[in-house]
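For this chain, numbers begin at 1 and follow the sequence in order.
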Amino acid sequence: MEYYNQTSTDFILLGLFPSSRIGLFLFILIVLIFLMALIGNQSMILLIILDPHLHTPMYFLLSQLSLIDINYISTIVPKMASGFLSGNKSISFIGCGVQSFFFLTLGGAEALLLTSMAYDPYVAICFPLHYPVCMSKRVCVLMITGSWIIGSINSCAHTTYALHIPYCRSRAINHFFCDVPAMLTLACMNTWVYECTVFVSTTLFLVFPFIVIACSYGRILLALYRMHSAEGRKKAYSICGTHLTVVTFYYAPFAYTYLRPRSLRSATEDKALAVFFTILTPMLNPIIYSLRNREVMGALRRVGQRIRSVKM
């Protein structure tokens with residue numbers, strides 16, 4: 001590990017890839033995943049806009065999830081890729097703060113948005129007569145706006161703290177982006193208070209929402225068990241299964257990373273888990289929602305047929 005004098009205001013992101021053929025292979029793989037995430041999420045947004053059958057609250061929320069995922073992965077990968085290609089892994093003090101702010105804002109907003117997306121099938125299946133009121137356009141906009149605002153407030157608090165503590169050790173962050181807990185390992189003061197706030201934030205943004213989602217799906221499964229329509233039950237199982245898959249892929253590695261005390265964490269393991277919720281999940285979300293959803297596949301066929309008819 002390199003060491004830099006205390007007068008330097010730049011941080012050094014040690015990155016994810018080793019300087020070897022394996023590192024080059026991993027770099028190419030990450031870039032391909034990044035491109036797939038961009039194409040997949042942009043296609044999902046475009047499909048939802050173009051197909052009137054998808055102009056429903058659930059797909060409106062899904063389009064916002066795709067928008068968050070595009071920005072989420074774009075906050076991390078381009079800087080990491082440019083550092084690997086140029087060999088210049090430095091990032092300015094302010095740049096690190098900006099990256100950290102957007103990472104935390106988008107991460108928090110996605111966690112809350114996934115909770116809102118679980119509310120939609122809960123109301124649709126358990127309280128179908130109240131659905132038009134409980135999931136009106138105004139309610140959906142409030143859910144999305146609230147996710148962004150709460151996520152940005154939490155992010156602002158964490159980023160402000162990180163930018164105002166003294167750093168007196170190496171400026172080399174053993175990570176591939178400006179993750180605040182990784183930054184604080186370089187601090188020359190006791191940060192146990194901040195570690196407690198990380199635990200609280202993780203509990204509020206991940207643990208409680210996951211409990212809420214689990215309880216709502218428990219109610220949904222009970223309602224499905226009593227449902228007489230086999231077709232309706234199959235459709236509901238498909239929607240719930242898809243969402244639970246996405247929630248598990250996102251919440252589990254995120255919570256495991258930030259709920260552990262510093263003494264049980266390792267930089268290598270943290271980076272591996274971070275790859276999962278910052279890079280793989282944004283790529284997997286549109287794939288999961290399209291392959292496991294008949295409505296999305298049907299919309300894809302309809303839009304494809306419309307495009308072919310226009311060409312002819």
Side-chain angles (χ1 to χ4, degrees), residues 1-19 23 71-108 151-206 253-275 277-279:
M1 183 181 292
E2 299 178 64
Y3 286 83
Y4 301 85
N5 62 54
Q6 296 177 21
T7 60
S8 171
T9 59
D10 289 355
F11 286 107
I12 306 296
L13 294 173
L14 296 183
L16 183 64
F17 315 112
S19 300
N71 288 281
Y72 198 29
I73 197 168
S74 298
T75 300
I76 306 296
V77 174
K79 175 59 183 174
M80 179 175 62
S82 65
F84 179 80
L85 291 174
S86 66
N88 180 15
K89 297 183 178 182
S90 66
I91 182 171
S92 68
F93 188 76
I94 297 300
C96 201
V98 170
Q99 187 186 56
S100 176
F101 173 80
F102 280 108
F103 162 71
L104 291 170
T105 298
L106 293 163
S152 62
I153 291 172
N154 174 70
S155 174
C156 189
H158 285 280
T159 306
T160 301
Y161 179 88
L163 294 181
H164 282 82
I165 65 171
Y167 294 95
C168 57
R169 300 178 190 173
S170 162
R171 288 280 175 170
I173 302 173
N174 194 4
H175 218 300
F176 57 90
F177 67 96
C178 290
D179 186 37
V180 176
M183 293 168 62
L184 294 185
T185 60
L186 312 178
C188 55
M189 60 174 285
N190 194 320
T191 58
W192 70 271
V193 174
Y194 176 77
E195 291 172 24
C196 291
T197 65
V198 170
F199 182 86
V200 171
S201 291
T202 305
T203 302
L204 292 176
F205 279 84
L206 296 175
F254 216 136
Y256 180 71
T257 299
Y258 293 103
L259 285 178
R260 289 176 299 158
R262 184 191 290 186
S263 59
L264 298 179
R265 297 176 63 176
S266 70
T268 303
E269 192 174 37
D270 283 355
K271 286 193 285 187
L273 290 167
V275 167
F277 57 77
T278 61
I279 299 174

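- Listed by chain and number, the residues in a side-chain hydrogen bond (donor to acceptor under 3.5 Å, both in side chains) with Thr203 amount to none (sequence neighbours excluded).
- In plain terms, the two heavy atoms of Val180 and Ala162 that are nearest each other are CG1-CB, 3.8 Å.
- When side chains are defined from C-beta on, Asp270 does not count as touching Asp179, because their heavy atoms never get closer than 4.5 Å.
- Salt-bridge formation is not detected for the pair Glu195/Arg265: no Lys NZ or Arg NE/NH1/NH2 atom is positioned less than 4.0 Å from an Asp or Glu carboxylate oxygen.
- With values rounded to the nearest 0.5 angstrom, Cys96 atom SG is found 9.5 Å from Lys79 atom NZ.
- Between the CZ atom in Arg260 and the CZ atom in Phe199 there is a gap of 13.5 Å [rounded to 0.5 Å].
- Legend: residues meeting side chain to side chain contact (heavy atoms under 4.5 Å, CB included) with Ser152, ordered by chain and number and at least two apart, are Phe101, Thr105.
- Atom-to-atom distance recorded for Ile76:CD1 and Phe277:CZ is 9.0 Å, nearest 0.5 angstrom.
- Rounding to the nearest 0.5 angstrom, the gap separating the OH atom in Tyr167 from the CG atom in Leu184 is 5.0 Å.
- Annotation: Phe254 is not in aromatic contact with Phe205 [ring centroid separation under 6.0 Å not met].
- Partners of Tyr256 by ring-ring contact (aromatic ring centres under 6.0 Å, His included), not counting sequence neighbours: none found.
- Distance CG/Leu206 to CG/Leu259: 7.5 Å, rounded to 0.5 Å.
- The two atoms that bring Asn174 and Ala267 nearest to each other are ND2-CB, 3.1 Å, heavy atoms only.
- In this structure a side-chain-to-backbone donor-acceptor pair under 3.5 Å is present from Thr160 to Cys156.
- Across Ser74 and Pro78, no two heavy atoms sit closer than the pair O-CD, 3.1 Å.
- Within the 3.5 Å criterion, the main-chain N or O of Gly15 finds a donor-acceptor partner in the side chain of Lys271.
- Between Phe103 and Tyr72, the ring planes are parallel. Angles under 30° get that label, and only those over 60° would be called perpendicular.
- Judged as a side chain to side chain contact (heavy atoms under 4.5 Å, CB included), and not counting sequence neighbours, the contacts of Val200 are Leu204.
- When every heavy atom of Leu13 is checked against every heavy atom of Phe176, the shortest pair comes out as CD1-O, 4.1 Å.
- Under the rule for a side chain to side chain contact (heavy atoms under 4.5 Å, CB included), the partners of Ile153 that lie at least two apart in sequence or sit in another chain are Ile149.
- The distance from atom NE2 of His158 to atom CE of Met183, rounded to the nearest 0.5 Å, is 13.0 Å.
- Remark: side-chain polar atoms of Lys89 are not paired, donor with acceptor, to backbone N or O of Ile12 under 3.5 angstrom.
- The two residues Cys178 and Ser100 come nearest to each other via the heavy atoms O-CB, 3.4 Å.
- Considering only residues two or more places apart in sequence or on other chains, Tyr161 meets the ring-ring contact (aromatic ring centres under 6.0 Å, His included) condition with Tyr194.
- Between the side chain of Thr185 and the backbone N or O of Ala182, at least one donor-acceptor pair lies under 3.5 Å.
- The two atoms that bring Ile279 and Ile73 nearest to each other are O-CD1, 3.6 Å, heavy atoms only.
- Checked against Pro253 for a side-chain contact (heavy atoms from CB on, under 4.5 Å), the options Thr278, Val275, Leu273 give a single hit: Leu273.
- At a threshold of 4.5 Å between non-hydrogen side-chain atoms, the residues Thr75 and Phe177 do not count as touching.
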